[in-house]
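Chain identifiers are assigned alphabetically (A, B, ...) following the order of the sequence lines, protein sequences preceding nucleic acid strands; residue numbering begins at 1 within each chain.
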2 protein chains.
Amino acid sequence: MGTGQQRTGGTKEKILAKSLELFASKGFKETTVRDIASSIGLQQGALYNHFKNKDAILMALIDQLMSSAIVTIFEEKEPSELYKRGKALLANIATTFKLLSFDGKNEALFRLMMQEMYKNSDIRDLYHEYFYQQNIKKLSAVFFMMMQEEMIRSSDPLLLANEFLTPLFFYQTQVVLLKLDGKSTSSAVLLFEKHVDYFWKSIRIADKEENGGASYG
Amino acid sequence: MGTGQQRTGGTKEKILAKSLELFASKGFKETTVRDIASSIGLQQGALYNHFKNKDAILMALIDQLMSSAIVTIFEEKEPSELYKRGKALLANIATTFKLLSFDGKNEALFRLMMQEMYKNSDIRDLYHEYFYQQNIKKLSAVFFMMMQEEMIRSSDPLLLANEFLTPLFFYQTQVVLLKLDGKSTSSAVLLFEKHVDYFWKSIRIADKEENGGASYG
DNA sequence: CACTTAAATGAACGGTTGTTCATTTAAGTG
DNA sequence: CACTTAAATGAACAACCGTTCATTTAAGTG
């Protein structure tokens, strides 16, 4: 007894994966336990060997969301290291946002979060704390250091962080929505890079005109 | 016969108003016909004298959404008139966004749209066409004229329109979410105005230094 | 082999859902 | 007044929901 034998063929993981897909595309309430079970070739009752109830499946997915790539935009380094990379850091963040919209699992987690946020205060807190606040704070710390080093014009770091991340978040949403209808995402995708260029040009200290010249004249 | 006598005490409107409230806070599927009926002191069956079924209520609300203030950010004037107002126009748009988050009905329509967008392609189309595309196009026309008149630096008008509207949309969402938890919206609200200042400063042609000086030195 | 036990079955349960409908109520019309 | 008709009632229905459970299956262990 108590040897904790593992006999599972990964059913629990299958349940989570299929539930995520279904919750993301139909919504939590609209997805029935029978939907989930039949999507992996089981009877409804079998699910209750792996989860206490339907809500427990959602909670397990929320846990996944918290440690997912969605909420960890930055690499593991500290702001005091990150700021040195300048525009390349911003470009990297933008690319991360862009790729997340095209990774199946992250996209589903994103859609789940967006839909249930308005009903579920746990998801709302998670969105606020991890998805928004944490990234905003870290990025404003980066901008603060860039200002001290006179890489960028000095202004409100928190505002700058919002100005930079906010459009990325919006474009990410746009891409996800466009994909739902099978529409082209190319023009939305272009905006990711255009935003980085535009943003960096508007904040950098234009001493050296590092690459492209001024766009007017 | 056929005189079309109106005997109603506005029940149909009550149904729509209460349904909107309930759909926005609990979701469409989660709201029962009995919820709606009892919220206006009726029995469930009475609703079917006014709407064919539950879906018809949602569709009626979608029609309201289409003509609501949410999707008509601009005044009725043409871009060739609007552009002359310069920064004041942008400030006005930002204020409109801000106020919409505090108007009960518009806020509810917004929440309904955000929740059901991912499941309902009608709402998704409406969001894309009216809420996003229409405003983006009109604003880029305005920016284009501002460039021709050398009020602002010349660049991609479509990009500029996105750069301006996108943060406003995000802040609007933030305010709505914060209000759901009864949290303070003051710092989010501040960002509306900060954004206008920051944005205008970064695009205007800095010939005359119209008000605030450069922020570094 | 016998024994244990995680996992799957499938019927069954109580509750809730959207919807229907015969009936009643009450307001407008001549 | 009598007549018409929109609106409200409240019980009822069939379908569907999440969940339970006695039972079976099958894999690991000694």
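There is a side-chain donor-acceptor pair under 3.5 Å between A:N162 and A:Y132. With no hydrogens or angles considered, no side-chain donor-acceptor pair links A:H128 and A:Q133 at under 3.5 Å. Defined by atom type and a distance below 3.5 Å, a donor-acceptor pair is present between the side-chain atoms of B:T32 and B:D35.
Protein atom CZ of A:R34 is 12 Å distant from nucleotide atom P of C:dA11, rounded to whole Å. B:I36 places its CD1 atom 11 Å from the P atom of C:dT17, with the value rounded to the nearest Å. As a whole-Å value, the separation of A:K29 NZ from D:dC17 C1' is 9 Å. One atom, OH of B:Y48, and another, C1' of D:dA12, lie 14 Å apart when rounded to the nearest Å. Atoms CG (B:L47) and P (D:dT9) sit 10 Å apart, rounded to a whole Å. Going from atom CD1 of A:I15 over to atom P of C:dA8 covers 7 Å, rounded to whole Å. The interatomic distance linking A:K52 (NZ) with D:dG18 (P) rounds to 15 Å, in whole Å. Residue A:I40 contributes atom CD1, which lies 10 Å from atom P of C:dT9 at whole-angstrom precision.
Nucleotides of DNA chain D nearest to A:D35 and A:G45 differ in position, and the one nearer the 5' end is that of A:D35. Nucleotides of DNA chain C nearest to B:D55 and A:N49 differ in position, and the one nearer the 5' end is that of A:N49.
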Subject >> Base-pair map of DNA chain D as dot-bracket, where | denotes pairing with a different strand and pairs are Watson-Crick or G-U under 3.5 Å >> reply: ||||||||||||||||||||||||||||||
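Of the candidates C:dT9, C:dT19, D:dG18, the closest approach to any side-chain atom of B:Q44 belongs to C:dT19. Distance from the side chain of A:L42 is smallest to C:dT9 among C:dT17, C:dT9, D:dA11. In the set C:dT19, D:dG18, D:dA7, D:dG18 carries the atom at the smallest distance from any side-chain atom of A:K54.
Remark: A:H50 is not in phosphate contact with C:dA6, judged by side-chain N or O atoms under 4.0 Å from OP1 or OP2. Contact annotation: B:T11 side-chain N/O to D:dA7 OP1/OP2 distance is not under 4.0 Å. In terms of phosphate contacts, A:Q43 brings no side-chain nitrogen or oxygen within less than 4.0 Å of OP1 or OP2 of C:dA8.
At distances below 3.5 Å, not a single donor-acceptor pair connects side-chain atoms of A:T31 with backbone N or O atoms of A:K26.
Between B:F110 and B:F131, the two ring planes are tilted [angle within 30° to 60°].
Smallest separation of non-hydrogen atoms from B:Q172 and B:F192: N-CZ, 3.7 Å.
Taking the six-membered ring wherever Trp is involved, the centroid distance between the rings of B:F97 and B:Y171 does not fall below 6.0 Å.
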